[in-house]
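Since the model is a prediction, treat every value here as computed from it, not as a measurement.
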Amino acid sequence: MPVPFEGLLPYAIMTAFFGVAGHGVGFIRYWDNGWKKDRFDLDSWDERMMNRDFLLTGVKRGQSHEPVAPESFKTADVKLQKYYSAYNDQYFSFRERLYRGYVTGNWDFS
Amino acid sequence: MVLGDLFTSRHQWENVDKNGLPDSVPEVDEVGATSAPLLSASYYIGAKCKPYNDDFMLCKDEKNGGTLDCLKEGRRVTRCAISALKDINKYCFDEFKLHYECLEQENHRMGHCRASESVLNKCLFQNLQFEKKIPGVEQQIHLNQNPIYQGTSNDKKKTAEFVKAKEAAS
């Protein structure tokens, strides 16, 4: 018995939407990496080198072939800082933004 | 920064080290190349700077890993790496760029960028008389004509285009 094509339409729609979702996320990741593929299977050395790359270029996944680093690189450092919040970025409330501005100095009144 | 200016206790300053090292420690520039170019250049740096690197490691060994005792040797290592990178940028810049961009796309796996690597090695051999040699292995894997992992088609395509453009130019 041949199956009428109308019976297969839902499967075509499901396949199409799974494809759109997957390739869409893949595209966004590729774009977010500066049109490069994801890094994976990273050890602590890779992490260190990627942090160093960030200090040198100032962008995520940036690369530079300059032999000599700029003078500011000698003392460049990045420190991760945290502040306590009752709402862990779950609500974008004005109160939360006020608190964040008070703690970090980056006021956001948009 | 609207309300931020009202808080006089917040300061911004330029990140400059005011407590520099004493004059007894010579000044040195830092290596400015990032991870992918460094990996691409690593075998040339290793070959060119072998005496300085060995000297540094010997110093570390003798001084029981002393940080302050081996500053002079460490600075020589940095200076040598910079000079090696300058060499590559001067003579083989296009090939170098081709290889490290491939590495950056391929999660820094040398095995996936053999096509561009062979072009780079050829250029380094012609201009800087450098032959890549992996120490302490039975087989030099980069010379294997039929490896298990053949590399990516993208790398091969880009390398073929590069070679073609180079031939057309010359």
Side-chain angles (χ1 to χ4, degrees), chain A residues 26 29-79 81 83 94-95 97-110, chain B residues 1-7 9-21 27-41 45 78-90 92-109 112 152 154:
Chain A
R29 290 184 73 112
Y30 189 71
W31 164 79
D32 191 35
N33 281 329
W35 306 108
K36 286 169 186 175
K37 288 189 209 163
D38 270 342
R39 295 292 305 272
F40 55 90
D41 195 19
L42 302 175
D43 56 14
S44 54
W45 169 263
D46 294 324
E47 303 272 357
R48 269 190 85 93
M49 287 305 276
M50 286 175 80
N51 289 338
R52 181 179 174 275
D53 293 355
F54 183 78
L55 289 180
L56 276 167
T57 60
V59 289
K60 193 183 169 193
R61 294 297 301 277
Q63 294 293 325
S64 148
H65 52 256
E66 293 298 318
V68 179
E71 188 66 22
S72 59
F73 176 69
K74 285 182 184 176
T75 50
D77 192 14
V78 166
K79 283 199 172 70
Q81 294 198 321
Y83 63 89
F94 188 60
R95 179 179 170 279
R97 279 192 280 164
L98 280 180
Y99 185 65
R100 194 180 310 182
Y102 175 68
V103 172
T104 64
N106 299 319
W107 296 94
D108 180 15
F109 294 110
S110 57
Chain B
M1 291 289 281
V2 182
L3 267 177
D5 298 332
L6 294 174
F7 287 78
S9 60
R10 299 202 186 280
H11 296 293
Q12 281 191 323
W13 62 91
E14 213 181 333
N15 188 4
V16 174
D17 192 2
K18 282 170 188 151
N19 303 313
L21 288 165
E27 188 68 18
V28 72
D29 290 317
E30 293 291 333
V31 177
T34 52
S35 50
L38 274 181
L39 179 63
S40 175
I45 295 174
T78 310
R79 246 178 250 126
C80 179
I82 287 175
S83 75
L85 282 164
K86 276 183 179 160
D87 279 353
I88 297 180
N89 275 347
K90 190 175 171 191
C92 296
F93 177 70
D94 296 331
E95 290 85 350
F96 183 45
K97 190 158 184 159
L98 185 75
H99 186 222
Y100 83 66
E101 279 179 352
C102 171
L103 285 176
E104 186 61 9
Q105 285 285 352
E106 298 300 327
N107 197 27
H108 292 210
R109 290 172 297 188
H112 290 236
T152 53
N154 203 20

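- Take A:Arg52 and apply the side-chain hydrogen bond (donor to acceptor under 3.5 Å, both in side chains) test, not counting sequence neighbours, and it matches no residue.
- Taking CG of B:Leu39 as the reference point, atom CG of A:Asp46 lies at 9.5 Å (rounded to 0.5 Å).
- Residue with the most contacts toward chain B among A:Glu66, A:Lys36, A:Met49: A:Lys36 (heavy-atom pairs, distance under 4.5 Å).
- Counting heavy-atom neighbours within 6.0 Å of B:Arg109 CZ, excluding the residue itself, gives a total above 12.
- Aromatic ring pairs are classed by plane angle as parallel below 30°, tilted from 30° to 60° and perpendicular above 60°; the pair B:Phe93 and A:His65 is perpendicular.
- Looking at B:Glu101, neither its backbone nor its side chain comes within 4.5 Å of chain A, counting heavy atoms on both sides.
- Using a 4.5 Å heavy-atom cut-off against chain B, the contacting residues of residues 57-64 of chain A are A:Thr57, A:Arg61, A:Gly62, A:Gln63, A:Ser64.
- Using a 4.5 Å cut-off between heavy atoms, B:Ile88 makes no contact with chain A at all.
- Contact residues of residues 27-37 of chain B toward chain A are B:Glu27, B:Val28, B:Asp29, B:Glu30, B:Val31, B:Gly32, B:Ala33, B:Thr34, B:Ser35, B:Ala36, B:Pro37 (heavy-atom distance under 4.5 Å).
- Residue pairs satisfying the ring-ring contact (aromatic ring centres under 6.0 Å, His included) criterion with at least one member in residues 36-61 of chain A, sequence neighbours excluded, are absent.
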